[in-house]
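Following: one structure in structure tokens, then a few remarks.
Quick note on labels: first sequence line is chain A, next is B, and so on, each numbered from 1.
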Amino acid sequence: MTKFIVILLSAVFINNYVLSRFLGICPFLGVSKKLDSATGMSLAVIFVMLMATAATYPIQKFLLDPNGLGYLQTIVFILVIAALVQLVEIVLKRYIPSLHKSLGVYLPLITTNCAVLGVTILNIDEGYSFAEAMVNSLGSGLGFFLAMVMFSGVRSTIEGSDIPESFKGLPVTLTAAAITSLSFLGFSGVIENLFPM
Amino acid sequence: MNKTAQNFVKGIIKENPVLVLVLGTCPTLATSTSVINALGMGAAATVVLLCSNIVISALRKVIPDKVRIPCYIVLIAGFVTMVQMLVKAFAPDLDKALGIYLPLIVVNCIILGRAEMFANKNNVFDSAIDALGMGVGFTLALFCMATIREVFGNGTFAGIEIPVLIDNHVSILTMAPGGFFVFGLLIAAVNKFGKYKPKKKDFGCEGCPQADSCGKTSCEKDEKEAAVSD
């Protein structure tokens, strides 16, 4: 049990996908202007990350590895994720229209989100079991959610302030991201001290 | 300047993929901790970009318009796998240093973006030149960032120690916050010294590989609509 908690917490705080691993920067900078779109996007990411791990993990373990096709990982994973996102969109539209309405806009954008492909590949590389992989995906998704929501708060404050001409737009956003990321550095070492192994 | 030279040069300066178009931010931030890694990443991405641009442009009349994005992704993933295997075989150290970011070239917006914006409208030669220009632009931007981060953050340049800086390095620059900060500074410098006005929007649809499937004309509108539908 402790192992799961350690994986979850370190995925959320220490190895935060956006702020320390630099995965999923595009949506992080692109859709974090408003709180509600940031929430929608990150909920969609959590959802797709879990689905993608559930789909790619068995494929790697039962299809690619036994047949010596491990080198096809990248191609297979990106195709599975792309197909999955389409499928999820169709199913949601048909059966849960309310959820589709709130997540729908963001779903197509997720296919090329490197955080999703990243988490599926990392799960395999780290040698996690299926349960651990799912927990890691959940943690990564939650970490993305946390970073997005925090950062949309930071950004709404920047919007109204007086910024030097050449810093307007992306540079000031990146500088703010640097400070947000700095705050996450404070978490390093927390897990080791909480759960000495 | 003739057209070929223009195609090449625009990727390096006027339409630099990283500093002006702001594509491919993830590998830029992640692999610019050291000069060697940055050059390796730049070279790997350039090779993939060159191959995919050539093949996509050669097949542009064969690939049906409706399924072109999946086709491009499969082609790009194929080339990425090849590069990955080559790097693993001939530069195992680089493979270890780049780690997850090597397979993630697949989802690098620069490659899909160039396929969509350039290769499917132009002939093979122009596309190859465009890919080379963009690749060099990407590598150059990575190199600049990595130089700043390695020299001031680690006190070394490509592994060679620099006398005074080695004892006075600011190690935060090689960590995650430093990546964001240096990237922000570089873009600000481009805004200041280039004659390019800072863009109001961070991302235009032109550079967005999903512009097609998303069906919106601007991402601003996207957010507004999302806000309304909520």
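Of the residues considered (B:Thr81, B:Asn108, B:Val74), B:Thr81 shows the highest number of contacts with chain A, using heavy-atom pairs under 4.5 Å. When each of B:Gly178, B:Gly24, B:Ala77, B:Gly179 is scored by its heavy-atom pairs under 4.5 Å with chain A, the top score falls to B:Ala77. When the candidates A:Phe77, A:Phe167, A:Phe28 are compared by the number of heavy-atom contacts under 4.5 Å with chain B, A:Phe167 comes out ahead.
Heavy atoms of B:Leu186 lying under 4.5 Å from chain A are absent altogether. Only the side chain of A:Leu185 comes within contact range of chain B, with at least one heavy atom under 4.5 Å from a heavy atom of that chain. Only the side chain of A:Leu79 comes within less than 4.5 Å of a heavy atom in chain B; its backbone stays farther off. Using a 4.5 Å cut-off between heavy atoms, B:Leu29 touches chain A through backbone and side chain atoms alike. Heavy atoms of A:Ala82 lying under 4.5 Å from chain B are absent altogether.
Checking side-chain atoms of B:Lys121 against main-chain N and O of B:Met117 turns up a donor-acceptor pair under 3.5 Å. At distances below 3.5 Å, at least one donor-acceptor pair connects side-chain atoms of A:Asn16 with backbone N or O atoms of A:Val18. A donor-acceptor contact shorter than 3.5 Å links the side chain of A:Asn123 to the backbone of A:Val119.
At a threshold of 4.0 Å, the pair B:Asp65-B:Arg68 counts as salt-bridged, since one of the basic side-chain nitrogens sits closer than that to a carboxylate oxygen.
No more than 12 heavy atoms of other residues, nucleotides or ligands sit less than 6.0 Å from atom NZ of A:Lys93.
In this structure, a donor-acceptor pair under 3.5 Å is absent between the side chains of B:Asn154 and B:Ser34.
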